[in-house]
Every structure is written in C-alpha cells, then in structure tokens.
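Since the structure comes first, as structure tokens, the remarks are kept for the end.
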Protein chains: 2
Amino acid sequence: MTDRPHPLEGSSETVADRLALAIHEHRIPPGAKLNEDEVGEIFGVSRTVVRTALQHLAHDHLVTLRRNRGAFVAQPTVREAREVFEARALLEPRTARSAADRATPDDLARLETHIAAEHAALAAGDPGRALRLSGLFHIEIARIADQTTIAGFITQLVARSSLIIALYWHRRNALCESHAHHALLKALADHDGKRAEDLMKGHLLDLVSSLDLRNTEPLARSLKEALARP
Amino acid sequence: MTDRPHPLEGSSETVADRLALAIHEHRIPPGAKLNEDEVGEIFGVSRTVVRTALQHLAHDHLVTLRRNRGAFVAQPTVREAREVFEARALLEPRTARSAADRATPDDLARLETHIAAEHAALAAGDPGRALRLSGLFHIEIARIADQTTIAGFITQLVARSSLIIALYWHRRNALCESHAHHALLKALADHDGKRAEDLMKGHLLDLVSSLDLRNTEPLARSLKEALARP
DNA sequence: GGATGCGGGATCGTATACAATCCTGTCCGC
DNA sequence: GCGGACAGGATTGTATACGATCCCGCATCC
C-alpha cells in the first residue's frame, strides 16, 4: 500500500532520489542490475526518464553504466573505498570546525532530531534507515557550515560510503556511530571547533577501521570465495 | 578544416567534452544559451544525445538547467566562487603534499610539458587555452597523488574556477600563475611535501585575491554596468 | 567430449514524434 | 497612450519506434 506504481509523478529526479534512497538503505544490493524497462514500469514512467535518472546516479558513482550492458549498482573496489574515506578525511574535519562556529540552536535541534531518529530506526530493527540517517547527520553538518559545494561532495561521498559499508562491513559496532555523533553534537553545541574537528577525524578513522579492506577485488567477495579451494 | 560538423562520431560524452572545452576556454561566455537543436545540428547528433551531454555538464555545475527554459552556461555567484575556492583550499594543498611523495620522473616530465604548453599558448595570444592548461596542471597533480576521487572533485572545481575567472577576473597577472606552477613543480621534484603544500595553499590564495568578489550578483556585471547611468 | 560458430532473444543507444510549457509580439479596452 | 489578455511561435519534456549490440543456448565439428 505504501509503494504503489504511481502512474506518473513529476520528473526524473524523483526516480533518481527513490533509487538512491533504496540503494542507500541497502534495499538494492551492490551489483544488482537496474533494468530500464523494469524501473520504468515500477515508477510508471518511460525509459527516457529512467535513463536520465540512471545517468544522474552514475555521475555520483552510485551505479555503473556499462555500454550496451545496462546499469548496475556500483561495487566500489577497496581502492575506491580508501579514496572515498581519504577524501572525507580531507573535507569533513575542517567543515565540522566551521560548523561549530556557526551552529545555531535551530541547527543543533535538527541534529538532535537526526540522532533520535537514528536510534529509533535501530531500535525498530531497520539498520538501513539508521545508516541513511547517520549519513544525513554528516551532510547536515556541512550544511550548517554553510558550504553547499562541500556539502555536495560530502553527499556524494556519504552515498558511496553506504555502498562501501554494504560490501566491506566487518565489525558490528553500531554503538560507536551513535556515540560519536552524540559527542560531535556536544562539541558543536559548545562551539568548540577544535574538538569538533578532532572528533570528526577520529570518527572517520573509526569508520575505516570497522571495514575489512584487505581483499583486492570487490567481486572477489562473490567470485573468489566461491572457488576458494579448487 | 579542423572543426567540421561531424556527421556522427561516438557518443554523448564527446559532445559534453567539446562543450566543456569551449566553456573552459571562454569561447562560450557565462550565461549563454545552449539551444538543443542548435548544438545537435553542430555536432550532427540528435537532441537525445545533446540532452544527455547537457545533463552531464549540469551535474558539474558548468551549465544551469532551467525547467522548460533550457540550458545556459553557468554564472557562479560570488558566494559560489568563494565556496569553490574554499573547497580547493581544503583539497589541493594536502593532495600536493601527497603528490610530492609519489611523483616519478615521468610525472615531472609531464608537468614540465604542461607548463611549457601553457607558456606557448600565452605567447601565441591564446589566453583561453593557457587557462585550460593551467587547470590541467592542478588536475595532473591530483592524478599524481593517485587519488582519482579527489582528482574528480578537483576537475569539477577547476572547471567552475574557469567560469569564475571569466566573470570576476580583475588583475592581469598571468605571470603569477606560471611562476607559481614552476615553483610547485620544483617542490615536487625535490619531493618536499611540506613546501608543495604551502606553495599550493599560497597559490590558491593568490588566485582568490586576483578576483573581484565584492559584487552581489554575477549578471550585474553585464546588466547593471550597461545601465549604470540612465 | 569439448570447443567453436551461429542464431534467437533481450536490452541498450539513438532518432523521431507528440504534448506541455513558456516567451514574445500584438491587439483590444480603458 | 498604456496596461493587460491572448494567440502564435519556439523550445523543452516525455513517450515511442527502430536499429545496433551483446548475452545465452544449441548445434556442429574436430
């Protein structure tokens, strides 16, 4: 009942957003094929708009477009995974510092809401939604820093991080996340830029350390393991 | 002879690249309208591929898509201009440091070529091409640092910087550019990461200081000045 | 028996056609 | 003379149609 095949709603961005959300919440696994006709029928739109949406997602590295093959949910390599988090390490700590200087009570309230919703999603057994909200927390900080350009980059990096987590997640330490976010919020509330910067840096390092980035290939996870011992 | 209206060459990315190059070299001014039929006829392709190319460029903030209005070459606001250079300030110095650690003789030779080509273009009275090569220098450094993700961001930021320069350029100090790049190359050749980082930081600050970012509107430059005294 | 060539089916890439929207110039009323 | 409504033209948004390419399965040949 919640998801009816809408006859036609608005534009291609809606389709892109819906697809991105599904990918972000791990409802569509990495490597999954996104058939144009199928997606078009689901959303009640033509292939034209689906193609536009897929190209949009491809530009954000959420899907991979292979010529005459179709669109697939991206499977970041370990190299890409490292690059994504190195980029985040360059962008986010300094942005968090700026956010600490500019955060208004309204901003802090919104962040608090995010954290609460994240907890609620976890309690409700919806880790995908919790992960999504966790990412929105980072994006919101960039927005508070009043840097829409950087916020755009972080949005992209968070989206890719979601795929990376889907592929390379190892430790089951969900508590770390929420606690780190809470500490970060406190630093922002205190307008302690230096602390916010350090906390963000550490938080990102924790995230990377919770991944298993030893393998060489992402599809090795489904291929090499299959023929590990011949 | 060099630029014939190709009957049909390859794909939409070619059109996007050609358009991006023209914008980058200031052959198409900010605010210019990009008619789909017109562009399609120029490149000998259909509107479908032109639309794809324009959406690609829109995603990189090189063109602005207005619903039912068409595509226009972007006109970054002063706010966007500041944001772009703040993002570059976050990304490029640290990337230059990494590049200094990894630069091979082959990399250095390629950078030397870039600088030489930049000088040649300036001498040939083609400042647009010189600016393009100057941007490629920055992108090449990110590539040397072996960070394709960051390189992608910098590519986007350099492209937007080209538009910003077209709109807000003030001082005519082209020497600064080439000299800064030469000093940077020397630091990279010496594998002096710290110096490369500092030089890049200073270079970006010089770039910003060569702009006139006082105005509030970008189109004021072409509209208000026209009817300054009625 | 295994590898190679080939054909059917499906899917993507591009072009074209139609509908919706917007801009511009003109006409009418005040 | 001037402001507003309206129609014409142009341009974009979306859908559909056709051609090209690729994958998969089967038959054939070595």
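Chain letters run A, B, ... following the sequence lines, proteins first, then strands; residues in each count from 1. Atom set for the values below is all heavy atoms of this structure, side chains included, hydrogens, waters and symmetry mates excluded.
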Does the protein touch nucleotides 6-12 of chain C at the base, only the backbone, or not at all? Give it as B, S and - per nucleotide, heavy atoms under 4.0 Å. -----SB
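- Under the side chain to side chain contact (heavy atoms under 4.5 Å, CB included) criterion, A:His59 pairs with B:His56, B:His59, B:Asp60, not counting sequence neighbours.
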Can you give the donor-acceptor pairs under 3.5 Å from side chains of residues 147-154 of chain A to other protein atoms, not counting sequence neighbours?
from	atom 1	to	atom 2	distance (Å)
A:Gln147	NE2	B:Glu86	OE1	2.2
A:Thr148	OG1	B:Glu83	OE1	2.7
A:Thr148	OG1	B:Glu83	OE2	3.2
A:Thr149	OG1	B:Glu83	OE1	2.9

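- In this entry the distance linking CD of B:Glu41 with C1' of C:dA15 reads 15 Å, nearest Å.
- If you take CZ of A:Phe43 and P of D:dA15, they are 14 Å apart, rounded to a whole angstrom.
- Residues that satisfy the side chain to side chain contact (heavy atoms under 4.5 Å, CB included) test with B:Ala117, not counting sequence neighbours, are B:Leu133.
- A search for side chain to side chain contact (heavy atoms under 4.5 Å, CB included) contacts involving B:Ala99 returns B:Ile141, B:Ile144, B:Ala145, B:Leu188, not counting sequence neighbours.
- Legend: residues meeting ring-ring contact (aromatic ring centres under 6.0 Å, His included) with B:Phe137, ordered by chain and number and at least two apart, are B:His181.
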